[in-house]
Amino acid sequence: MALGFTAELAVAEADRCLECKQPKCIEGCPVTIDIPAFIAAIQQEDFEGALAIIKKDNTLPAICGRVCPQETSARRSA
Ligand code: SF4
């Protein structure tokens with residue numbers, strides 16, 4: 001089970017985003033979270049803002065973050 005990142009690791013992971021012109025991450029998300037905006041907020045260390053972006057489309061992010069089969073979704077969209 002994912003236990004979360006430290007702030008430093010979260011920013012490092014967010015910095016891996018390529019800021020795609022036509023991002024596939026949103027359409028690959030079952031609840032279409034604005035993932036690039038969420039990641040941009042993390043890059044700015046605006047963790048409250050990042051959470052607000054997620055909660056616009058998902059009222060249960062802690063549960064979805066644990067049960068969403070990201071690895072399977074990534075393979076499907078590849
Ligand atoms: S998170 Fe979205 S915008 Fe960032 S690299 Fe992945 S698909 Fe592209």
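Order of appearance sets the numbers: ligands from 1, and atoms from 1 within every ligand. Computed from a predicted structure; not experimentally measured.
- Placement of Phe5 and Ile53 in two distinct hydrophobic clusters is found when ILVMFWY residues are connected by side-chain heavy-atom separations under 4.5 Å, directly or transitively.
- Not one N, O or S atom of Cys20 sits under 2.8 Å from atom 4 (Fe) of ligand 1.
- Protein heavy atom nearest atom 4 (Fe) of ligand 1, with residue, atom name and distance: Cys17 SG, 2.3 Å.
- Summary of contacts: the protein heavy atom closest to atom 1 (S) of ligand 1 is Ile39 CD1, 3.6 Å.
- There is a path of hydrophobic side-chain contacts, each under 4.5 Å, that joins Ile54 to Val11.
- When hydrogens are left out, the protein atom nearest atom 2 (Fe) of ligand 1 is Cys25 SG, 2.4 Å; that is the closest non-hydrogen contact.
- In this structure, Val31 is a member of the same hydrophobic cluster as Ile35, with clusters built from ILVMFWY side-chain heavy atoms closer than 4.5 Å.
- Within a 4.0 Å radius of atom 6 (Fe) of ligand 1, the protein contributes no heavy atom.
- Looking only at distances, a side-chain donor or acceptor of Arg66 sits under 3.5 Å from a matching main-chain atom of Ala62.
- Applying the 4.0 Å criterion to heavy atoms of Pro23 picks out, from ligand 1, the atoms 2 (Fe), 3 (S).
- Connection of Leu60 to Ile33 is not established within any shared hydrophobic cluster, with ILVMFWY side chains joined at heavy-atom distances below 4.5 Å, either directly or through further cluster members.
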